[in-house]
Structures are given as C-alpha cells and as structure tokens.
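One structure is given here, and the rest of the page talks about it.
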Amino acid sequence: MASADARRSSRSLLLRVSEVIEETAEARSLVFDVPADAADRFSYRPGQFLTLRVPSEQTGSVARCYSLASSPVAGHRPKVTVKRTRDGYASNWLCDNIAVGDAIEVLPPAGTFTPTSLDHDFLLWAAGSGITPVMSILESALAAGSGQVTLCYANRDESAVIFADRLRELAARYPARLTIVHWLESLQGLPTAAQLAVFAAPFTGYESFLCGPAPFMDAVRAALTEVGVPRERIHAEVFSSLSGDPFQEPEADLAGLADTDSDPADAADVAVELDGAVHQLRWPRDRTLVDVMLARGLDVPYSCREGECGSCACTVLRGEVAMDNAGILDPEDIDAGYILGCQARPLTDELEIRF
C-alpha cells in the first residue's frame, strides 16, 4: 500500500484506514486517519459524504459516494459505513477486502444534506443504510445543539439495525432530548404514508431529514406533505451510482474557459454568490456553471459532475437555466429554484445564482 499522504491528484488524498467495525452481518464501517496537513481540506459538515475510488480489474476503478456516519463536532474521526448490496461491486469489494492499515483514495467531503443550524428541532427518518448521514446529524445535534431530536428508523428486522448499540447509548444519555422509534418490517410490514403521517403529526414544526430507499422516502414525503410540513423543512438525500470518474483532473475539459481576456459572443452574464462573496462571470451557453467556475479558479462545491450526487446544488435568484440531468432533484426542488451547477447552462442573458 502507498503511504497515506501520497497524492494521486490535486483534489484527492490517500487516507489510511485506522479501524474497521463490523456493524451487522451486511454492513461495516471504515474509520480514517486524516493527515494534519489535510485537516482543513477534509473538514466536513454533518450529513456530508466522501467519494471513494474502489479498484476494479475490469475498469481500473469505480467511484462511489458513501455518507459520513461520524460527527464532526463530537471529536470523531471520519467514518463511512458501507452496506452490501446485491450485485454491488464496490460495496462487496470494500466489505471483503479492506483491513486496518490499508489506504483508500478519497475526494474531500461534499454534499448539501446538512442542517443550517444544529439548534433546530429535528425529525429524522432513515431506512437501512440510510441511517449513515442521519446518524451524523443526530449525533451532532445532540453534542452541539439545543433542540429535540426524534428518529424513525425502518429496517427489515432487528438484526439489520445498524448502530443499534450506539443508538441505545445515546437514548440513555439524552433521555429528555432524544426519541427513537424503530420500525421493523418483520413485525409491522412496510410503512405506509398514512401510518407515517400519524407519527409525523406532532412534529410539523421540526426540520425533517430523510434518507433510504426510494419507496420509503416517497412514503415519508407524502406523509409530511399530508400533515402540512412546508417544503423548505423537508430535506432528502439521494445517491446514484457514478458512471464517470470524478477523480479525473478537470483541466483538459476547461481549455479556453480560463482566458479572462476572451469574451465569447454566445454567453450570459452571471453573478455567483459563493461563501459570501459575489463573482461576476461570463457564462458560455455551451458550458456548465461548474466548468466556468472551475476555470476561473473558484472553489465551487462539486464531486461527480454527472448530476448524480447533488454536491453542486445551488439556487437561481434571477434568470433561467436548462439542465441536462436533473433527476436527483424533485419537481418541488426545481420549482423552488434549485439547480445542479454541473448540469446547468444559461437560457437568459443575465442570471444571479447563490451557492
């Protein structure tokens, strides 16, 4: 194995696995050591994810996104939890092959499935391995927040419950703030929107974060909508398998865009707010917003550049865009002005966008 501080690209790092935890018969957690000189680049917010490069004899490697189940405010080392999926090459390879001392190439933390404040009251929803980003939010809210936290966690049966012991510990430590409800398919069947609506009714003022299989999240969304939870209080995490290589350096794709003296005729003017600063850019209509921002040296959040991870989600304040792939966004998201920067191309001549 290469040394943990050997860089493979300008964005990635080889992280050493310091601990492997067998969570269930189908899931294991990988805990990483982050070198001191990379601590700033690999700081993360509750609910974010890491993109791992997994070796493959057929393609050289595949890239997969795995949520961080650890809490950045509770002193935890970064930890991702991987659950085997049927015919899932990456998840089975990681569960079968990784041992303490191995190093994995990783991209910096990304994702927008994260609270704006840990002091909110939270209604958290998870099914199966969807507990991973939800666990990060739950532990962070309890460690550094002041609100109430309620978790509804659905699984096939008791043996499939990831983090069961940890959840019991937290429930005992925070009896006045944490409520956990387990939904076991073996005992109760699959949850319906009507059943979940009854459960959600007392928590309409809470911030809901949900992650799990699509049918579960569809039922949760329907339940929250039925009891009147506003769209802006419903936050969902969705992942799709990546077909491209997010570890590839983008420079070759950006040739010509960084030339600030050129003024492409078929371009829009866009004001982009990023980390509190506003940048005025010319945006060629045949290039994506992420491409333009990368070419100008801006630290735009992105991971896959395929429209599959949501890292580059942002809001259109003025103007209109077209998107090649917006499947990860709900129609309600799009109606609210959310776009994916890696898929967006300008339709109007002037735009304002906020990350």
Working to the nearest 0.5 Å, report the span between [atom1] of [X] and [atom2] of [Y].
X	Y	atom1	atom2	value
Cys314	Tyr302	SG	OH	15.0 Å
Leu123	Leu224	CG	CG	6.5 Å
Asp37	Phe42	CG	CZ	10.5 Å
Leu50	Leu15	CG	CG	7.5 Å
Thr192	Leu190	OG1	CG	9.5 Å
Thr116	Glu232	OG1	CD	11.5 Å

Beyond-backbone contact of [X] with [Y], side-chain heavy atoms, under 4.5 angstrom:
X	Y	result
Tyr44	Pro108	no
Glu273	Ile353	no
Pro191	Phe216	yes
Leu289	Leu351	no
Leu142	Leu178	yes
Ser43	Pro109	no
Leu170	Met135	yes
Leu68	Lys79	no

Classify the side-chain pair [X]/[Y] by whether it contains a donor and acceptor separated by less than 3.5 Å.
X	Y	answer
Thr85	Ser91	yes
Tyr66	Thr51	no
Thr114	Gln48	no
Ser208	Arg233	no
Glu320	Thr348	no

Who are the side-chain hydrogen bond (donor to acceptor under 3.5 Å, both in side chains) partners of [X], not counting sequence neighbours?
X	answer
Arg221	Asp218, Asp330
Ser146	Asp119
Ser140	Ser71
Gln188	none

Could you tell me whether a side-chain N or O of [X] sits under 3.5 Å from a main-chain N or O of [Y], the two making a donor and an acceptor?
X	Y	value
Thr24	Glu26	yes
Asn325	Glu306	yes
Ser136	Gly47	yes
Asp291	Arg287	no
Asn155	Asp157	no

Criterion ring pair (Phe, Tyr, Trp, His ring centres under 6.0 Å) against Trp125, the qualifying member of Trp183, Phe199, Tyr206:
Phe199
Pair His235, Glu207 - check side chain to side chain contact (heavy atoms under 4.5 Å, CB included), show working.
CA-CA 8 Å; His235 314 274; Glu207 293 288 320; 2.7 Å; yes
Only residue of Arg28, Lys83, Arg84 satisfying salt bridge (charged side-chain N to carboxylate O under 4.0 Å, His left out) with Glu22 is Arg28
Apply side chain to side chain contact (heavy atoms under 4.5 Å, CB included) to Tyr153 and Val181, showing your working.
CA-CA 6 Å; Tyr153 186 16; Val181 175; over 6 Å; no
Would you call [X]-[Y] a salt bridge at under 4.0 Å N-O?
X	Y	value
Glu19	Arg77	yes
Asp121	Arg177	no
Arg16	Asp102	no

Closest non-hydrogen atom pair between Ser311 and Ala110, with its separation:
OG-CB, 3.3 Å
What residue among [options] forms side chain to side chain contact (heavy atoms under 4.5 Å, CB included) with [X]?
X	options	result
Ser12	Leu107, Val106, Ile104	Leu107
Val82	Ile98, Leu52, Leu94	Leu94
Met293	Leu298, Asp299, Val270, Thr288	Leu298

Let's go through Leu281 and Val272 carefully: what are the C-alpha distance in whole Å and the side-chain angles of both, what is the deciding distance for side chain to side chain contact (heavy atoms under 4.5 Å, CB included) to 0.1 Å, and is it a yes or a no?
CA-CA 8 Å; Leu281 307 173; Val272 180; 4.1 Å; yes
Among the clusters formed by ILVMFWY side chains lying less than 4.5 Å apart, do [X] and [Y] turn up in the same one?
X	Y	result
Leu13	Leu30	yes
Ile180	Val149	yes
Phe209	Ile162	yes
Phe113	Phe355	no

Apply salt bridge (Lys or Arg N to Asp or Glu O under 4.0 Å) to residues Asp269 and Arg282 and explain how you reach the verdict.
CA-CA 5 Å; Asp269 291 306; Arg282 289 288 284 170; 3.1 Å; yes
Would you say that more than 12 heavy atoms from the other residues, nucleotides or ligands in this model lie under 6.0 Å from the [atom1] of [X], or not?
X	atom1	result
Asp40	CG	no
Glu185	CD	yes
Arg166	CZ	yes
Asp96	CG	yes

If the condition is ring pair (Phe, Tyr, Trp, His ring centres under 6.0 Å), which residues does Tyr338 pass it with, not counting sequence neighbours?
none
Walk me through it: do Ile339 and Val321 pass the test side chain to side chain contact (heavy atoms under 4.5 Å, CB included)?
CA-CA 8 Å; Ile339 65 169; Val321 305; 3.7 Å; yes
Using atom types as modelled, flag every donor-acceptor pair under 3.5 Å from a side chain in residues 126-134 to any protein atom, sequence neighbours excluded.
| from | atom 1 | to | atom 2 | distance (Å) |
| --- | --- | --- | --- | --- |
| Thr132 | OG1 | Ser129 | O | 3.0 |

